[in-house]
Enquirer: 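Would you mind keeping the following structure in view while I ask a few things?
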Number of protein chains: 2
Amino acid sequence: MARSSEPRRQATLASIAAELKVSRTTVSNAYNRPDQLSPELRERVLQAAKRRGYAGPDPVARSLRTRKAGAIGLLLTEALSYSFRDPAAMSFLAGLAESCEAAGQGLLLIPAGAERDDVQAAAVVQQAGVDGFVVYSVADDDPYLAAVRERHLPIVVCDQPRNIPEAALVAIDDRGAMKMLAAHLISQGHEHLAVLCMRLGRDRRDGVVPPGRLADSHFHVQRERIAGVQAAMIDAGLDPDILTVVERFDHTVRSGHSAAAQALQANRETTALLCTTDVIALGALNFARVSGIDVPSQLSVTGFDGISDAIRENLTTVRQDAEEKGRRAGKLVLSSSHSGIVAAETLPTELFRGRTAGPPPKQPPAIA
Amino acid sequence: MARSSEPRRQATLASIAAELKVSRTTVSNAYNRPDQLSPELRERVLQAAKRRGYAGPDPVARSLRTRKAGAIGLLLTEALSYSFRDPAAMSFLAGLAESCEAAGQGLLLIPAGAERDDVQAAAVVQQAGVDGFVVYSVADDDPYLAAVRERHLPIVVCDQPRNIPEAALVAIDDRGAMKMLAAHLISQGHEHLAVLCMRLGRDRRDGVVPPGRLADSHFHVQRERIAGVQAAMIDAGLDPDILTVVERFDHTVRSGHSAAAQALQANRETTALLCTTDVIALGALNFARVSGIDVPSQLSVTGFDGISDAIRENLTTVRQDAEEKGRRAGKLVLSSSHSGIVAAETLPTELFRGRTAGPPPKQPPAIA
DNA sequence: GTGAAAGCGCTAACAA
DNA sequence: TTGTTAGCGCTTTCAC
């Protein structure tokens with residue numbers, strides 16, 4: 001057991017102990033329980049360690065023994081490099097990172113997102129040495145999510161999906177917020193609304209959304225926000241089935257741009273574009289600008305999230321505190337190891353009345 | 001050894017093996033080498049696993065055995081939540097994440113940054129179960145960095161610091177790029193330059209920088225960029241000692257704003273503000289705007305990085321591809337385990353001629 | 001204050 | 001194709 005002298009090998013706790021002719025416990029204590037041994041001995045141990053280039057107890061071995069990884073895993077659907085371009089996701093990440101940092105816990109970004117079959121997806125998730133997972137905005141049929149559930153570790157889901165009983169939840173009232181926004185528009189006289197949304201499923205299906213797909217959407221947030229619009233319509237006595245919905249897979253300003261064009265094409269009477277995210281709304285605004293359509297006199301445009309670019313542009317939107325959401329999610333995973341209870345937190349939202357929504361024009365806008 | 005039946009306990013590879021009366025190797029193979037056993041047997045194993053709620057081999061135990069963690073660690077000096085507000089850092093992170101994702105490796109954000117003493121810093125780094133580290137823009141006397149070096153794992157340093165022989169390097173020619181920018185300004189007639197820079201040391205020392213501190217700066221990038229300005233001055237026969245340098249600890253637009261005010265206060269003849277980052281430059285521009293100073297006719301302002309906000313504002317700056325830098329860094333750590341060689345890559349930069357630099361005014365700007 | 005024993009859960013030779 | 005044998009490096013009772 002005691003390998004007393006092997007020259008070219010990384011030092012281990014055992015080798016240091018052997019060199020000093022003390023027990024492994026003592027060396028371990030030197031690092032983990034300084035009060036359990038005399039300062040002099042501790043000093044000797046630390047000296048020997050430094051001499052041998054020993055960096056302290058191997059984190060992996062320690063994790064195995066203590067059954068804690070000292071990190072929590074973050075699952076993002078999108079290819080990571082995509083997520084990093086989404087301001088709302090970044091704010092969330094910032095908040096989450098803050099919680100982890102405060103607790104001295106690492107935050108492991110799970111390499112999900114690349115094209116992988118289910119088996120590989122599972123492998124990637126299985127490989128993660130973490131004490132819990134935070135799942136941000138993934139489809140409810142996401143294979144990575146399925147793999148995460150298999151791990152039987154604490155899970156906190158954000159925004160999506162809601163069909164996981166064992167997971168804690170941090171969310172906002174997407175439907176309510178969007179309903180309020182739509183009602184605001186309707187009260188100003190809009191009757192022909194269109195929604196521009198992000199992907200509704202894991203497959204790329206850009207275009208005008210047929211009714212069936214809406215109900216089948218695997219993205220909770222999108223589904224809810226659209227449902228909010230429909231609820232407002234129903235309340236106002238409008239037929240929700242006449243709502244035009246345009247879907248885009250990529251969550252980019254470009255997508256918003258082309259989606260706006262498509263929505264107006266599909267229904268020329270449209271007077272308001274309700275976008276399910278600010279990024280898309282910014283694209284829609286962009287489209288209006290290059291098409292010579294004045295906002296809001298000829299067309300109203302609204303967003304959702306309250307990212308700084310949108311606020312700067314004075315976009316009418318729903319503000320939410322994505323950073324706080326991240327912080328909450330972090331605290332929840334970090335604490336859920338102790339308490340067995342699964343919490344559900346709903347954070348507030350606020351209607352931001354910008355300059356991009358107003359009464360509808362007498363004539364719908366003409367497209368160039 | 002074989003604990004055949006213990007009811008309330010998470011299943012392990014051994015328990016599955018025992019239940020099926022096969023060896024542990026077989027179960028292991030079912031996951032790691034499907035070709036090493038018959039499909040039927042494999043199926044039986046997987047079935048039993050599912051039944052018992054076994055998620056597959058414990059990642060920590062596997063890491064211990066295989067000596068690979070399947071993740072690389074990222075060390076950021078700033079409190080994580082700060083870094084997430086820095087567009088250049090985010091681009092870097094996006095690129096790095098992309099490399100990791102492609103390789104199926106996790107990216108662990110080390111919880112550095114919180115106020116911690118050196119011992120705690122070391123502990124946090126020691127705790128990280130990773131196969132290598134990427135160090136982004138930290139001071140060369142950073143305690144976390146010291147702890148990272150102790151780990152004796154592959155290290156890739158970005159931008160800073162250069163005094164680590166065992167680390168691979170990804171950088172740009174900060175000095176050269178800044179020198180070119182300064183020369184450009186000088187050639188247009190500017191003689192009274194000021195530099196607005198980020199923190200030069202780990203302590204907060206906002207204000208006009210005395211000569212000594214400049215030389216002692218622990219932040220390589222800042223030091224180099226300022227040196228670039230001075231080099232251009234020397235080339236042009238200007239006395240580099242008359243250069244005004246204003247330092248700010250926080251890397252924010254606000255900081256840039258106040259730093260600009262201070263620089264102009266300190267030397268009323270100043271006709272050009274060279275900022276070491278775009279974020280600061282945006283703040284300087286902001287200051288000029290609210291002070292009624294026209295840019296560039298009364299004051300020239302330049303940045304560094306080429307973040308999208310800056311390009312949109314048409315700021316005269318140095319563009320670099322932060323995302324590519326991240327990608328490169330990722331590839332380097334991931335490969336440096338094999339090859340023992342330590343590489344050094346220098347990425348190109350490009351002068352972006354925006355609208356914020358022009359010839360100096362006859363009269364220096366008056367401050368409100 | 002220090003040591004001995006017993007694994008944490010897994011994989012990698014090597015045999016069978 | 002499957003099983004046996006040894007640990008990977010560490011922490012943790014429990015004695016001394």
Side-chain angles (χ1 to χ4, degrees), chain A residues 1-3 6 9-45 49 52-70 123 126-129 131 151-153, chain B residues 1-3 6 9-45 49 52-70 123 126-129 131 151-153:
Chain A
M1 176 110 278
R3 186 198 333 87
E6 221 178 305
R9 200 171 166 61
Q10 260 292 13
T12 72
L13 185 145
S15 74
I16 301 286
E19 175 177 337
L20 260 40
K21 302 210 190 306
V22 298
S23 84
R24 274 134 72 213
T25 310
T26 302
V27 180
S28 176
N29 282 339
Y31 287 94
N32 304 318
R33 308 195 193 176
D35 51 313
Q36 294 295 293
L37 72 175
S38 66
E40 305 82 55
L41 180 52
R42 181 169 133 89
E43 207 33 60
R44 265 181 64 213
V45 171
R52 287 274 165 275
Y54 178 66
D58 179 305
V60 176
R62 165 191 264 150
S63 287
L64 176 59
R65 190 61 240 247
T66 60
R67 317 266 55 202
K68 336 202 104 332
Q126 277 167 23
Q127 175 188 253
D131 301 318
R151 289 284 303 267
H152 301 294
L153 290 172
Chain B
M1 176 108 280
R3 186 198 333 86
E6 223 178 303
R9 195 168 171 62
Q10 258 294 13
T12 72
L13 185 145
S15 74
I16 302 287
E19 174 177 336
L20 259 40
K21 302 212 191 303
V22 298
S23 85
R24 275 133 73 210
T25 310
T26 301
V27 179
S28 176
N29 283 339
Y31 287 94
N32 304 318
R33 306 191 195 183
D35 51 313
Q36 294 296 292
L37 72 174
S38 65
E40 305 81 56
L41 181 52
R42 180 170 135 89
E43 205 34 57
R44 267 181 62 212
V45 171
R52 288 272 165 277
Y54 177 66
D58 180 305
V60 176
R62 166 193 263 149
S63 287
L64 177 59
R65 189 59 242 243
T66 59
R67 316 266 55 205
K68 337 202 104 330
Q126 276 166 23
Q127 175 189 253
D131 300 317
R151 290 283 303 266
H152 301 293
L153 289 173

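Per chain, numbering begins at 1; letters A, B, ... match sequence-line order. Please read all numbers here as calculations on a predicted model, not as lab measurements.
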Enquirer: Figure out the CG/P separation between A:Asp35 and C:dG1, and round it to whole Å.
Expert: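 These atoms are roughly 8 Å apart.
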Enquirer: D:dC10 P sits how many Å from A:Tyr31 OH, rounded?
Expert: 9 Å
Enquirer: Could you give the NZ-to-P distance, from B:Lys21 to D:dT1, as a whole number of Å?
Expert: 24 Å
Enquirer: Only counting residues at least two apart or in another chain, list the ones meeting side-chain contact (heavy atoms from CB on, under 4.5 Å) with A:Ala30.
Expert: A:Leu37, A:Arg42, A:Val45, A:Leu46
Enquirer: Distance check needed: D:dT2 C1' versus B:Gln36 CD, whole Å only.
Expert: 10 Å
Enquirer: Could you pull out all residues at least two apart from A:Thr25 that satisfy side-chain hydrogen bond (donor to acceptor under 3.5 Å, both in side chains)?
Expert: none
Enquirer: Check side-chain hydrogen bond (donor to acceptor under 3.5 Å, both in side chains) between B:Thr26 and all other residues, then give those that pass, not counting sequence neighbours.
Expert: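 Only B:Ser23 meet the side-chain hydrogen bond (donor to acceptor under 3.5 Å, both in side chains) criterion with B:Thr26.
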Enquirer: Starting from P on D:dT2, measure out to CZ on B:Arg42 and report it in whole angstrom.
Expert: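 Rounding to the nearest Å, CZ of B:Arg42 and P of D:dT2 are 13 Å apart.
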Enquirer: Mind checking whether A:Gln36 and A:Ser28 have side chains closer than 4.5 Å, heavy atoms only?
Expert: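 No. Closest side-chain heavy atoms not under 4.5 Å.
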Enquirer: Output every pair passing salt bridge (Lys or Arg N to Asp or Glu O under 4.0 Å) with a member in residues 27-39 of chain B, not counting sequence neighbours, ordered by first then second residue.
Expert: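 Qualifying pairs: none.
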Enquirer: What is the distance, to the nearest angstrom, from the OH atom on B:Tyr54 to the P atom on C:dG9?
Expert: 10 Å
Enquirer: Between P on D:dT12 and CG on A:Leu64, what's the gap in Å once rounded to a whole number?
Expert: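 Atom-to-atom, A:Leu64 to D:dT12, this comes out as 12 Å.
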Enquirer: Would you please confirm or rule out a distance under 4.0 Å between OP1 or OP2 of D:dG3 and any side-chain N or O of B:Ser23?
Expert: yes
Enquirer: Near DNA chain C, counting only heavy atoms under 4.0 Å, which residues of residues 55-63 of chain A show up?
Expert: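 Within this stretch, nothing sits under 4.0 Å of the strand.
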Enquirer: Think A:Arg67 has a side-chain N or O under 4.0 angstrom from the OP1 or OP2 of D:dT11?
Expert: no
Enquirer: For A:Val27, which of A:Leu41, A:Leu20, A:Asn32, A:Ile16 qualifies under side chain to side chain contact (heavy atoms under 4.5 Å, CB included)?
Expert: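 Between A:Val27 and the candidates, side chain to side chain contact (heavy atoms under 4.5 Å, CB included) is satisfied uniquely by A:Ile16.
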Enquirer: Of all residues at least two apart in sequence or in a different chain, which pass the side-chain contact (heavy atoms from CB on, under 4.5 Å) check with B:Ala14?
Expert: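 B:Ala14: side-chain contact (heavy atoms from CB on, under 4.5 Å) contacts with B:Thr12, B:Arg24.
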Enquirer: Quick check: do B:Val60 and A:Val60 have side-chain heavy atoms less than 4.5 Å from each other?
Expert: yes
Enquirer: Looking at residues at least two apart in the chain, or sitting in another chain, which of them share a side-chain hydrogen bond (donor to acceptor under 3.5 Å, both in side chains) with B:Glu43?
Expert: B:Gln47
Enquirer: Expressed in angstrom and rounded to an integer, what is the separation of A:Gln126 atom CD from C:dG9 atom C1'?
Expert: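 Atom-to-atom, A:Gln126 to C:dG9, this comes out as 14 Å.
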Enquirer: Spell out, as yes or no, whether a donor-acceptor pair under 3.5 Å connects the side chain of A:Gln126 to the backbone of B:Pro57.
Expert: no
Enquirer: For residues 52-65 of chain B, pull every pair meeting salt bridge (Lys or Arg N to Asp or Glu O under 4.0 Å), keeping only residues two or more places apart or in separate chains.
Expert: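 The answer is A:Arg67-B:Asp58, B:Glu19-B:Arg52.
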Enquirer: Axis-to-axis angle across the helix from C:dG1-D:dC16 to C:dA16-D:dT1, five pairs an end, to 10 degrees?
Expert: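 The end-segment axes of the helix from C:dG1-D:dC16 to C:dA16-D:dT1 are tilted 30° relative to each other.
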Enquirer: Counting any heavy atom closer than 4.0 Å, what does A:Leu37 reach on the DNA or RNA strands: base, sugar-phosphate only, or nothing?
Expert: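 Here A:Leu37 touches the backbone only, sparing every base.
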Enquirer: Output a table of nitrogen or oxygen pairs between the protein and nucleotides 12-16 of chain C separated by less than 3.5 Å.
Expert:
from	atom 1	to	atom 2	distance (Å)
C:dA12	OP2	B:Arg33	NH2	2.5
C:dA12	N6	B:Thr25	OG1	3.2

